[in-house]
Each structure stands twice: as structure tokens, then as C-alpha cells.
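Numbers for residues simply follow the sequence, beginning at 1. Below, each value reflects all heavy atoms present in this structure, side chains not excepted, and no hydrogens, waters or symmetry copies.
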Amino acid sequence: MAGTTVLEAGPQAVRCEFERPGPFNLFIFGATGDLAKRKIFPSLYQLNTLSLLPEDFLIVGSGRKSMSTEEFRRQMREDVRSAAPGGRFDQGKWEELEGRVHYMPMEGRGAYGAMLEKCVPLEKRYRTCRNRIFYLAVPPSAFDDVITNLGEAEAAREPGEGNEGYSHIVVEKPFGRDTESARRLNVLLRRYFREEQIYRMDHFLAKETVQNILMFRFSNAIFEPVWNNHYIDHVQITSAETIGIERRGAYYEESGVLRDMFQNHMLHLLALTAMEPPSAFATARVRGERAKVLGSIKPLDPRRTDEFLALGQYGPGRTDGEEIPAYRSEPGVSPQSGTATYAALKLEVENWRWRGVPFYLRSGKRMASRRGEISIHFKPVPHTIFKGYAGEIEPNTLTLCIQPNEKLDLFLQAKQPGSRICLGPVRLDYTYPEGIATADYARILLDCMQGDQMLFACAEEVDASWELLTPVIRKAESIGMKDIFQDYAAGSQGPAAADALLARDGRVWDPL
């Protein structure tokens, strides 16, 4: 029976109730891989420590490695212990979860049907009501095979067909490599699953501050009237990382920063920032408005990339006193690699609200600091009465900080204390209290269990984002990215070409 868990930010806070889902069976394909170790099982453990898992559930890990359930449990226990924040690991909470974890190796095409049959007695024991979530934590090259085998094993059956329980399928990013491959993947999914069963993952949408964008915009009357081209000068969206490719050289060589970050994370942040208010806070209507924004972005002319795109690849440098090797020296990377690890992109949304307001997006590896944020730069006051009394008055800026510090900052101008008239910036801020928010992957899993698709991309969003980026990616790859990108030192602000992109418009990037 579903219940609620109450989390409180402090004595002044509104009580936030998280509803526990009903029974479920979570199948994790690729359960011995890096994603399951670093994200999925630590998130399941967090949900259990917060009492957000139901009384009745089952977790079935599946992979190519041959091992027993006990061996798999021991391995996951050590991985979760290593990932526990501050080394705080609750053995009792893990054991509650561990007892419901089973492992089944996959061998051959008929293995999917056999696995589902083996799970029937377990599902009865754990009273999961045949509610099934199929999580594809496998490389993109394996998506087609897993989806086809699940379909042929009739895993997609839903209530109303003489069956008990639901079936959901979760597909990790990247969803395709270009427009055509993404459309083929959608066609394959819809051959076996309905759109209501498909959950296209983008964990950025589940970050607490990202979720708050809509609440902040549409529940505060002072912001929505000025959220347009009459008052906003430009918008900057940043996702900078200090880490490199983290043993993912083979994957990153095939993707690069535009596929890895822009097609999903960066464009989704833009869509949430720029979308129109939906008529109701309902999944279909929110996702529909996000898709409209992506479909309204001015097409990018691949013959004029110098006007809107800057690419870079990190070279050797220093971070916190540590020598950092160049990208081409990373394991699994070609010494002649032409893969971009940094990109800056200027986009324009062609509608009445945003026409004339540029959106500057940047993302890169091995940057000066870890930073994820959206900053709204307002226009300067049309006329200042303080000439001769104050220096240059900086325009107001609203910054939505996504990571590592989740907070909201609003910079205003005010008189500084003293006998002279002296204006200076003041900051109004709200910082999220520590320890009350679920991790992004934990929230994603919770929504899958509850059947809530709002934080997942719909097919129209995926299609619109690939239509925008595919011509540019193809052009860059056809002429060789090495010919159009600049190296930048690890630990720096990025390539000079990114600064020039804004300098041509008389603007500068927010410092990292």
C-alpha cells in the first residue's frame, strides 16, 4: 500500500510530501556496467533510506557476465558503499534492498523469454503485481537488440489485454546519433511499445533546480511579465565540468560534446527557460510546450558555422596543482583525434516572446570549475539619473544555479552605505538546504515507478533537437573538426573562439 514520506527543509519550510510508488519489478539490462554501479544502485539505495520504495518490489539485474545472485549482491554492496556521500553507509538499509536483488545472466536470443518466465515465481513471492520496468543501462549500440528481444518476448503487454500490471521501458541517452537514427529508434520502440510506455532519459531534467524553473517562472507574478524580449538582453546556459572523459574514451570518440551534451541536456535547459506557460501542469502539455520551443529555434546554416559555433579540444594543463594530460593522451582516444570536448553555440528562438534575444550555450570538459547554471541577463535601465554620482550601472541578472551548489541568485543595484551616492550590486539568494533533495537518478527512477513522464523527453523533442544539430555535426565531421576547433588548456575558461562569439555581439561570458 502506497504511503508518503515527509521531507522538511527547516522550521520555516513548507512540508513536501513524496508519494511512495506501488509494487514493481525493475529489470536492469547492463547491470554489471558503469552506469548501474555509479548511478542506478546508489539511487535505489537512496530511495530506500528515504523510505520511498514500496513494501513489495523486486530488482532483477541482467548482463553478459556469468555470476551468482550472491556474487552480484556483494559487488553492488561495495559499489554503493563507495558511492555513499561522506562515507555514510547504512548497512541495515542496504540489506533491506539487497534481499530483493537477483541476477540473471543473458545468453542467446531466447534468453529474454526465459528470463521473464523465471521471474514469474519471484514476482509472485514479492507481490509485484506484474508491474515491470525495463531499464536499458547498455551502450547505444545494444539498444536495437534489447528492444527487439523484449518485443519478441511480448514484454510490452499492458493491462486491458488480459494481462496484469504495466510495462515501462527506459532508454538512456544518447537517443540516436542523428535525425535518421533517432527516428529509426523511435519506430523500433513503437513497434512494440506505446508512447505512454516509453521513457527517454535525460537526468538533467530531474535536477532539483531544473525542476524549479517552471515553479519559479509561473508561480511568481513579478517575473513572468518581464520574461520576454522587451526586458531580457540575452540568456547564457553553462554546463562546465572539471573532469575529463572518465575512462569513456571509446564512447566519447563516437559522440563528442555536441551529441553528448547539446542534443539533450543543453537544449532541454533552453526549452524550459523559453517555453510558454502550459494551460495546466500536466505531462502532455508541459512536454508539448518544450517541443514547441525546440521547433521554433532558427535553423543553423552549416555553411556559416563561424557565426554561431565555437569548438575546442582540451590540451595539457593544470587543475588544483595537478598536471592534466591532453584529451588525445586519454585511454581509448586516438592520438590524432578530431573530437570536440568543448562547444559554444549561439541560438535564436523565432517567436514573439524571444525574437532578438540570443541564447548562448556552452559546455566543456576539463574546465576551470564545475558549473551548471542558467543566467538571465536583463537589459540596462533605459535612462540613468545618476550620471556623475555613480559609475557604470550593471544590468540585473538572475542566475539559476543547477550544480554543484543548488541556489537562485538575483543581482540588483542599491546604494552602498556611506555619505556619498555610490551604487553597487546586492544579491538576493536562496540556497537549497542540504540533504533534502533526491538525486537526479533517484527522482528519475521514482517517476518511472509512478508512471510520470513529465521529466522524460517525448519523441517530438528528440526529433526537433536532432533536426537542429544534425546538419552542423555532419558539416563539421565532413571537413574534419580539427580544422575548425581550437585547443584550450585543461583548467581554463575554454577556447578563445568562444569568447569571440560573444565579443562580436558586445557581450562576455559569465566567469567560471
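Nearest heavy atom pair, residue R190 against residue A459, reads NH2-CB, 3.2 Å. Taking all atoms of both residues into account, the shortest heavy-atom contact from M266 to S239 is SD-CB, 3.6 Å. The shortest non-hydrogen separation linking A343 to F262 is O-CZ, 3.3 Å. Considering every non-hydrogen atom in both L445 and S43, the closest pair reads CD1-CB, 3.8 Å. A344 and A498 get closest at one heavy-atom pair: CB-CB, 3.9 Å. The two residues P140 and P174 have their closest heavy-atom pair at CG-CD, 3.6 Å.
Salt bridge annotation for E241-R370: absent, with no cationic side-chain nitrogen under 4.0 angstrom from a carboxylate oxygen. Salt bridge R304/E307: present, at least one basic N to carboxylate O contact under 4.0 Å. With salt bridges taken as basic N to acidic carboxylate O contacts below 4.0 Å, none links E254 and R248. The pair D440-K207 meets the salt-bridge criterion, since a charged nitrogen lies less than 4.0 angstrom from a carboxylate oxygen. The residues D202 and K173 are annotated as not salt-bridged, no charged nitrogen and carboxylate oxygen being separated by less than 4.0 angstrom.
In terms of the side chain to side chain contact (heavy atoms under 4.5 Å, CB included) criterion, residue partners of E224 (sequence neighbours excluded) are, by chain and number, R217, F218, W227, P277, R353. Taking F378 as the reference, nothing meets the ring pair (Phe, Tyr, Trp, His ring centres under 6.0 Å) condition, with sequence neighbours excluded.
More than 12 heavy atoms of other residues, nucleotides or ligands sit less than 6.0 Å from atom NZ of K407. Y231 OH: 12 or fewer foreign heavy atoms inside a 6.0 Å radius. The number of heavy atoms from other shown groups lying within 6.0 Å of CZ (R504) is above 12.
In this structure, N131 contributes its side chain and Y166 its backbone to a donor-acceptor pair below 3.5 Å. Counting only distance, with no hydrogens or angles, the side chain of R355 and the backbone of E350 share no donor-acceptor pair below 3.5 Å. In terms of modelled atom types and a separation under 3.5 Å, the side chain of R507 and the main chain of L502 share no donor-acceptor contact. Judged by distance alone, the side chain of R366 and the main-chain N or O of T242 form a donor-acceptor pair under 3.5 Å. A donor-acceptor pair is defined here as one N or O able to donate and one able to accept, closer than 3.5 Å; such a pair exists between the side chain of N351 and the backbone of W354. Listed for the T49 side chain is a donor-acceptor partner under 3.5 Å among the backbone atoms of Q46. Of the possible donor and acceptor atoms, one in the side chain of D301 sits under 3.5 Å from a partner among the backbone N and O of R303. Under the 3.5 Å distance criterion, the side-chain polar atoms of H234 are left unmatched by any main-chain donor or acceptor of F359. Remark: the backbone N or O of P225 is paired with a side-chain donor or acceptor of N228 at under 3.5 angstrom. Side-chain atoms of Q413 come within 3.5 Å of backbone N or O of E394 as a donor-acceptor pair.
Side-chain contact check for L47 versus M449: some heavy-atom pair is nearer than 4.5 Å. Inter-residue side-chain proximity for I28 and L26 is flagged as met; some heavy-atom pair is nearer than 4.5 Å. Counting heavy atoms from C-beta outward, I237 and V235 have side chains that approach closer than 4.5 Å. Contact of the L294 side chain with the M275 side chain is not registered, since no non-hydrogen atoms from C-beta on lie closer than 4.5 Å. Here the side chains of R474 and P302 are not in contact, with every heavy-atom distance at 4.5 Å or above. Counting heavy atoms from C-beta outward, D452 and Y199 have side chains that stay 4.5 Å or more apart. Looking at heavy atoms from C-beta onward, L44 lies in side-chain contact with F41 at the 4.5 angstrom threshold. A 4.5 Å side-chain heavy-atom check between R38 and Y441 finds every atom pair outside the cut-off.
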Hey, mind stepping through L300 and T305 against side chain to side chain contact (heavy atoms under 4.5 Å, CB included) and telling me if it holds?
CA-CA 8 Å; L300 302 174; T305 55; over 6 Å; no

Is there a ring-ring contact (aromatic ring centres under 6.0 Å, His included) between F175 and W466 once you walk through the steps?
CA-CA 10 Å; F175 194 92; W466 275 126; 9.2 Å; no

Using the rule given for side chain to side chain contact (heavy atoms under 4.5 Å, CB included), can you reason through F134 versus V170, listing the C-alpha separation, both sets of side-chain angles and the distance that settles it, and then say yes or no?
CA-CA 6 Å; F134 302 101; V170 184; over 6 Å; no

Take I297 and L267, measure what side chain to side chain contact (heavy atoms under 4.5 Å, CB included) needs, and give me the verdict at the end.
CA-CA 10 Å; I297 297 175; L267 288 179; 4.2 Å; yes

Under the salt bridge (Lys or Arg N to Asp or Glu O under 4.0 Å) criterion, do E276 and K292 qualify, and how do the steps go?
CA-CA 9 Å; E276 294 297 317; K292 285 180 186 178; over 6 Å; no

Apply side chain to side chain contact (heavy atoms under 4.5 Å, CB included) to the pair L400 and L408, showing each step before the final yes or no.
CA-CA 5 Å; L400 310 173; L408 306 174; 3.2 Å; yes

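Checked by atom type, the side-chain pair R371/T238 shows no donor-acceptor distance below 3.5 Å. One side chain, Y251 or D260, offers a donor N or O that lies under 3.5 Å from an acceptor on the other. H377 and D233 are not linked by any side-chain donor-acceptor pair at a separation below 3.5 angstrom, with hydrogens and angles left out of the test. T339 and Q313 form no side-chain donor-acceptor contact under 3.5 Å, judged by distance and modelled atom types alone. Side-chain contact check for Q197 and Y192: no donor-acceptor pair (N or O, by modelled atom type) lies under 3.5 Å. A donor-acceptor contact under 3.5 angstrom links the side chains of T341 and Y488, judged on distance only. When only modelled atom types and interatomic distance are considered, D505 and Y360 share a side-chain donor-acceptor pair under 3.5 Å. No hydrogens or angles considered: nothing links the side chains of S167 and R132 as a donor-acceptor pair under 3.5 Å. Side chains of D510 and S375: a donor-acceptor N/O pair is present below 3.5 angstrom, by distance only. Side chains of N212 and T209: no donor on one and acceptor on the other come within 3.5 Å. A donor-acceptor contact closer than 3.5 angstrom is absent between the side chains of R200 and N264. Residues Q263 and S465 have side chains that bring a donor and an acceptor to within less than 3.5 angstrom of each other. With no hydrogens or angles considered, a side-chain donor-acceptor pair links R443 and Q211 at under 3.5 Å.
Screening T399, L272, L269, L398 against I374 for a side chain to side chain contact (heavy atoms under 4.5 Å, CB included) leaves a single residue, L269.
Not less than 6.0 angstrom separates the ring centroid of Y314 from the ring centroid of Y342.
Atom CD in Q493 sits 8.0 Å away from atom CG in D499 (nearest 0.5 Å). Atom CZ of R285 sits about 11.0 Å away from atom OG1 of T283, to the nearest 0.5 Å. Between the NE2 atom in H168 and the CZ atom in R194 there is a gap of 9.0 Å [rounded to 0.5 Å].
Using a 30° and 60° split on the angle between ring planes, H265 and F204 fall in the parallel class, below 30°.
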